[in-house]
Amino acid sequence: MSFKAAAIQMCSGVDPVKNAAAMARLVREAAAQGATYVQTPEMTGMLQRDRAAALAVLADETHDIIVKTGSELAREFGIYMHVGSTAIALSDGKLANRGFLFGPDGRILNRYDKIHMFDVDLDNGESWRESAAYKAGSEARVLSLPFAEMGFAICYDVRFPALFRAQAIAGAEVMTVPAAFTRQTGEAHWEILLRARAIENGVFVIAAAQAGRHEDGRETFGHSMIIDPWGTVLASAGAIGEAVILAEIDPGAVKAAHDKIPNLRNGREFSVEKIAGAVEGGVAA
């Protein structure tokens with residue numbers, strides 16, 4: 001059965017209370033347009049590079065304002081409310097980059113902790129060590145909902161196709177990729193990666209993004225997208241600022257894509273042999 005999905009684009013700052021209010025305003029806009037599933041970006045609750053400042057205001061899951069607000073919004077509008085992720089304080093002093101999916105009654109149906117940590121050094125001088133503050137997740141899930149089988153990823157996870165393939169083989173029809181892509185990496189790879197994950201698995205991809213210049217000084221790429229199983233961009237947002245994009249999701253299109261290109265069924269196990277590169281007489285030694 002088809003459903004209307006919304007991806008919420010935000011420009012989260014350093015104050016979780018203000019970010020919760022912005023999220024609520026945008027979710028109300030999406031619900032007013034008929035969305036029954038609404039997704040927010042990675043780090044909806046806060047983008048803060050200063051770890052000490054972040055730890056001073058972040059809470060555990062039970063007391064987190066984004067979790068509380070997400071649950072209330074789901075219940076108020078009778079929607080499936082997906083907080084793409086927010087920073088959750090853990091008992092060991094680290095944080096979890098954790099996404100939540102709330103059912104229409106406000107209950108948490110799924111949690112997903114980002115598996116792949118963004119530990120990179122970019123050639124524009126940006127350096128990121130997500131693993132210094134965050135504890136990586138280790139479990140992927142496919143959630144059975146009344147309207148679709150849903151898989152979960154967060155931002156940097158999109159560069160690891162094995163995660164998406166495993167969920168597709170497990171039956172996922174919709175993959176979710178809330179993100180806070182940097183401007184440099186987004187310009188180079190954002191749309192290509194999202195469309196590739198959709199095409200190679202024959203699934204819908206919904207990716208709500210952070211966008212613009214943030215209070216902590218970083219700049220994110222934006223361009224939230226909803227993509228169909230054939231790789232067509234059904235809806236997209238701009239590069240800067242808030243937005244609400246919507247698209248009709250028909251899981252029947254997943255079966256149609258798999259019937260045309262049955263690569264999930266055609267995949268085979270194989271071995272990899274590394275051979276020496278030395279050449280004698282034009283033949284590998």
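None of the values given here were measured: they were computed from a predicted structure.
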Checklist line | NZ/K68: more than 12 non-hydrogen atoms of other groups inside 6.0 Å | finding: no

Check: Are any of the side-chain heavy atoms of K94 and L55 separated by less than 4.5 Å?
Finding: no

Checklist line | Q210 and S12: side chain donor to acceptor below 3.5 Å | finding: yes

Check: Just by distance, do the side chain of E149 and the backbone of G171 share a donor-acceptor pair under 3.5 Å?
Finding: no

Check: Is there a chain of hydrophobic side chains (I, L, V, M, F, W, Y, each step under 4.5 Å between heavy atoms) that links V244 to V83?
Finding: yes

Check: Side chains of M81 and V27: closer than 4.5 Å at any heavy-atom pair?
Finding: yes

Notebook entry, point to check: Any chain of hydrophobic side-chain contacts (each under 4.5 Å) joining I108 to I66?
Noted result: yes

Check: Is E173 paired with K255 through a side-chain N to carboxylate O contact shorter than 4.0 Å?
Finding: no

Check: In the single-linkage hydrophobic clustering (I, L, V, M, F, W, Y; side-chain heavy atoms under 4.5 Å), do I249 and L143 co-cluster?
Finding: yes

Check: Below 4.0 angstrom, N of the basic side chain to O of the carboxylate: do E61 and R98 qualify?
Finding: yes

Next item on the list: Classify the ring geometry between F100 and F102 as parallel (under 30°), tilted (30 to 60°) or perpendicular (over 60°).
Entry: parallel

Note to self: Quick check on the 6.0 Å ring-centre criterion: do Y156 and H116 meet it?
What the structure shows: no

Margin query: With a 3.5 Å distance limit and no angle check, can you tell me whether Q167 reaches the backbone of F152 through a side-chain donor-acceptor pair?
Written below: yes

Next item on the list: Please check if the side chain of N201 supplies one atom and the backbone of V203 the other of a donor-acceptor pair under 3.5 Å.
Entry: no

Check: Between R25 and E29, does at least one N-O distance fall below 4.0 Å, as a salt bridge requires?
Finding: no

Check: How about F147 and Y80: do any of their side-chain heavy atoms sit closer than 4.5 Å?
Finding: yes

Notebook entry, point to check: Is there a side-chain contact between M23 and L73, using heavy atoms and a 4.5 Å cut-off?
Noted result: yes

Item checked: Any donor-acceptor pair under 3.5 Å from W190 side chain to H223 backbone -> yes

Notebook entry, point to check: Does atom CG of L234 have more than 12 heavy-atom neighbours, drawn from other residues, nucleotides or ligands, at distances under 6.0 Å?
Noted result: yes

Check: Is it true that L163 and V158 fall in one hydrophobic cluster, defined by side-chain heavy atoms closer than 4.5 Å?
Finding: yes

Notebook entry, point to check: Residues two or more places apart in sequence or in another chain: which of them pass side-chain contact (heavy atoms from CB on, under 4.5 Å) with H258?
Noted result: V254, L264

Notebook entry, point to check: Are there more than 12 heavy atoms of other residues, nucleotides or ligands under 6.0 Å from atom CZ of R107?
Noted result: no

Table please: side-chain donor-acceptor pairs of residues 32-43 below 3.5 Å, with sequence neighbours left out.
residue, atom, partner, partner atom, Å
Y37, OH, Q39, NE2, 3.0
Y37, OH, H82, ND1, 2.7
Q39, OE1, A208, N, 2.9
Q39, NE2, I206, O, 3.2
T40, OG1, T44, OG1, 2.7
T40, OG1, G84, N, 3.0
E42, OE1, A180, N, 3.0
E42, OE2, N97, ND2, 2.8
E42, OE2, K114, NZ, 2.9

Check: Where the side chain of D228 meets the backbone of V233, is there a donor-acceptor pair that is under 3.5 Å apart?
Finding: no

Check: Tell me, do E191 and M225 make a side-chain contact under 4.5 Å, heavy atoms counted?
Finding: yes

